[in-house]
Each structure stands twice: as structure tokens, then as C-alpha cells.
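Protein chains get the first letters and strands the later ones, always in sequence-line order, with residue 1 at the start of each.
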2 protein chains.
Amino acid sequence: MPHRSTVHEVLTAVFQVRDFDGRPELAVLLWQRALDPQKSTWSLPGGQLCDHEDLITSARRLLAEKVDVREVAHLEQLSVFSDPARVPGDRRIASTFLGLIPLPSDPHLPPDTAWHPVSALPEMSFDHGVVVEHARARLAAKLSYTNIAFALAPAEFAMSTLREIYCAALGYQVDATNLQRVLGRRGVLTPTGTTAPSGKAGGRPPALYRFAESRLRVTDEFAALRPPS
Amino acid sequence: MPHRSTVHEVLTAVFQVRDFDGRPELAVLLWQRALDPQKSTWSLPGGQLCDHEDLITSARRLLAEKVDVREVAHLEQLSVFSDPARVPGDRRIASTFLGLIPLPSDPHLPPDTAWHPVSALPEMSFDHGVVVEHARARLAAKLSYTNIAFALAPAEFAMSTLREIYCAALGYQVDATNLQRVLGRRGVLTPTGTTAPSGKAGGRPPALYRFAESRLRVTDEFAALRPPS
């Protein structure tokens with residue numbers, strides 16, 4: 001039976017691919033603590049679960065209240081962080097979420113809040129750095145077997161843009177031709193039939209694509225295991 | 001700020017492929033409530049998270065205490081069930097787990113506990129039926145992109161046995177040749193170099209296989225997205 005007081009909190013790692021000095025990088029939304037404990041360290045947006053709400057309702061409310069983010073294209077539950085010693089004082093059990101914001105959305109942020117590249121996090125509060133890494137790993141895994149990139153990409157894009165998004169989210173280079181071939185074969189992308197205004201180097205204007213669906217779908221069901229159709 | 005008292009509970013859907021009237025089926029471990037609320041309905045094993053333990057420690061403890069199950073080959077966190085109205089009385093936030101028991105293990109069960117086919121659940125308590133369906137869906141998804149079947153299969157097996165396990169867990173027929181080809185290509189299975197004592201119909205004794213690893217691994221990383229090696 002628990003005797004120590006326990007709080008249930010919700011924390012969300014909100015990711016977007018953003019430009020840092022001309023380089024697209026996976027960025028995470030953090031706010032800086034003005035007070036102790038751990039004054040000046042950076043935290044994930046979140047707060048306490050309320051009586052009347054379930055976790056996803058709470059995650060959406062807290063993003064709107066705390067960092068003024070109202071539009072996430074994808075929001076999914078990650079693990080619960082339940083180490084009894086994860087924060088000082090009352091026990092805080094943290095349900096964590098992954099939130100994705102598409103390009104070119106640019107939410108207006110409060111003064112204590114900023115985007116940071118996931119590859120160069122500032123000093124993080126408590127176990128929030130571990131939560132960011134967990135969220136990044138989930139995103140990378142889902143890029144390989146789902147259409148989750150719809151929630152990071154603009155509505156229409158050239159393959160070079162989609163490749164930049166994949167590279168930024170994965171943290172390593174991927175080949176655009178191979179990416180297009182695999183996503184095409186899996187029915188993830190649809191050509192819009194139009195082209196961008198002009199090619200980067202003044203060459204042929206690149207073809208534009210969009211995601212066939214804007215809901216998460218497992219795209220590579222193992223052929224042997226598909227249910228009979 | 002929460003005012004109603006809140007309890008954090010842990011529930012585990014423990015699955016094993018078991019024989020029901022000569023037919024292998026995915027089975028789930030349930031216990032029957034002797035008292036109200038919802039007397040006589042069937043519940044997942046679980047209970048309250050203790051102060052000093054994290055969730056997975058709690059899940060293992062509760063399986064040992066409540067249903068005398070001490071050996072699960074795989075245990076993973078599923079979603080949190082947090083609807084404020086999911087149970088009457090105090091609010092109970094349920095962290096749920098998927099547990100898998102390999103063949104031919106046959107844990108000794110207390111008298112109120114029994115295996116039930118997932119395809120024909122008895123009257124379930126609260127939202128426990130939804131948790132079972134959620135766990136089954138996670139298992140089916142992971143069968144398609146991971147080696148998770150290691151946690152249901154015996155240490156060594158003929159392909160016909162592995163096929164039965166896949167069919168039972170997925171709830172539809174899969175083709176043994178195709179299964180062997182795909183799992184072989186992904187490096188999931190290793191031939192033991194030996195054969196079973198005799199073929200089913202007195203034919204050629206079938207070759208035996210084992211899983212190359214007994215830890216969960218994503219087996220179909222999308223070729224275009226593999227990190228540079």
C-alpha cells in the first residue's frame with residue numbers, strides 16, 4: 001500500500017524538424033525552470049493530470065497552457081517513467097508522450113520556452129533528457145515501419161525536402177532515391193502531379209508529393225502475415 | 001489539482017499458445033472475482049503499485065503473488081488506461097503490460113485462476129477486455145516486424161509448430177513456407193542441424209530450428225533507413 005504522496009504527471013516531447021544555422025535538425029520544445037528544484041535547467045512541457053481528464057486530454061491541455069502549442073499532427077503515448085527516486089519530494093509518476101509538429105508550422109512560444117536541437121540538449125531537469133532520447137528512439141523506429149513522417153512534413157514537398165526530414169529525425173544520411181523507391185512501393189506517397197516553382201540549382205523543377213494518409217499506419221506488414229483479404 | 005483519491009495499478013495480459021480441444025489457441029490468464037464489485041467476472045492479474053518499486057518490478061511481483069507466475073520470457077509496457085470513469089469508487093490509473101510465456105511451460109495456478117482463449121473471453125471485469133484486445137493487437141503487430149515469437153515458442157521447434165504459434169497468435173492462417181523464407185532472410189531463425197524424432201504422418205523427420213536471439217529485436221529495419229555501418 002502506498003503511504004508517500006504520489007502525483008501523476010504528463011510530459012510531452014514535442015519534436016519538429018527546424019533550421020539551425022542553415023542545417024535542418026530534429027528539435028525539441030523545452031522551457032527553462034525559473035525556480036528550484038533544479039533552477040535554470042530545461043524541462044519538457046507538462047504538469048499534473050487532473051481528476052476529470054484522461055492522459056491524452058491532459059497532454060493536449062498542458063501543451064496549450066504551458067507552451068501555447070495547439071496543433072500537433074501526431075500525439076502518442078510512450079512509456080511511464082516510474083522510478084521512485086526520479087524526482088525529489090513527493091513521488092511523481094510520469095506518463096510520457098511523443099508529439100510531432102509539421103512544417104512550416106511555427107507556434108508562438110512563451111518567453112521561457114525555446115526549441116533545442118536534440119543532438120545538443122542543454123542541461124536537462126531530472127530524467128527529462130532520458131525521456132527525449134526515448135521519444136527520439138520511438139520516432140526513429142516508427143520511421144522504418146510506419147508513415148509517421150506525415151506528421152513532420154509539409155502538406156506537399158519535393159523528395160529532397162522529405163529526405164532532409166528523414167536525415168534530421170534519424171541523425172544520419174539516407175539516400176533520396178532509395179527512400180522514394182521504398183515509400184512508393186509501400187503506397188505511402190502520392191505524386192501531386194505538380195512541380196515546385198524551380199529546382200534548387202536552377203535545374204529541372206522537382207516533382208511534388210504528399211502523404212497518402214495523415215493518420216499513423218504500419219506500412220510494412222510482413223507479407224507472410226497479412227490477414228486473408 | 002486532483003482531489004479525488006487516485007490509485008496507480010498495474011495489470012498484465014499474460015499470453016501463451018495453449019491447446020483447447022486439440023486446437024492451439026492464444027490464451028490469456030484470468031482470475032475470477034469472488035467479491036463485488038463485479039463479483040464472478042474475470043480480471044487480469046494485477047494490483048497496486050508500491051512506494052518502493054517501479055512499474056515493471058511491480059508487474060513481476062504481482063504475477064508471482066497473484067497467479068504464481070514467475071517466468072515470463074517477455075514483459076513490455078503497453079498503454080496507460082486513464083479514463084476517470086473506468087472503475088467505480090476511487091480513481092484507478094492502470095499501467096498495462098503484455099507478458100509472454102513460452103511452450104511447454106505450464107505454471108501451477110491458484111484455484112481462482114484459469115487460461116481462457118482470447119477468441120472466447122468470459123464476462124470480463126471493468127475495461128479488462130479492452131486491455132486484452134490492446135495486448136493482442138500489440139503482439140500481432142510485433143510478430144510482423146520483430147522476433148517476438150521467441151517468447152512463445154519452445155527452445156527448439158519444427159516449422160509446423162512455429163506456424164501453429166503464429167496462426168494462434170494472429171487468429172488467421174499463415175503459410176509455413178513463406179514464414180520460413182521471410183524469417184530465414186531476416187536472420188531470425190537458426191537451424192539446429194538436428195531433426196525431430198519423427199514426422200507427423202510418418203514422413204521425413206522435420207528439421208528443427210531455434211530463434212537466433214532471445215531478446216526483442218526489430219527485424220525488418222527498412223533498408224533505406226539503416227544507419228551507416
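Salt bridge absent: B/D90 and B/R92 never bring a charged side-chain N and a carboxylate O closer than 4.0 Å. Between A/R23 and A/E164, no side-chain nitrogen of the basic residue sits less than 4.0 Å from a carboxylate oxygen of the acidic one, so the salt-bridge criterion is not met.
Closest heavy-atom contact between B/S95 and B/H8: OG-NE2, 3.0 Å.
Annotation: side-chain hydrogen bond (donor to acceptor under 3.5 Å, both in side chains) contacts of A/S79 (sequence neighbours excluded): A/H134. For B/R215, the side-chain hydrogen bond (donor to acceptor under 3.5 Å, both in side chains) test picks out no residue, with sequence neighbours left out. By the side chain to side chain contact (heavy atoms under 4.5 Å, CB included) test, B/A27 is found to be paired with B/R18, B/F20, B/W115, residues two or more places apart in sequence or in another chain being considered.
Residues of residues 52-61 of chain B having a heavy atom under 4.5 Å from any heavy atom of chain A, listed by number: B/H52, B/E53, B/D54, B/L55.
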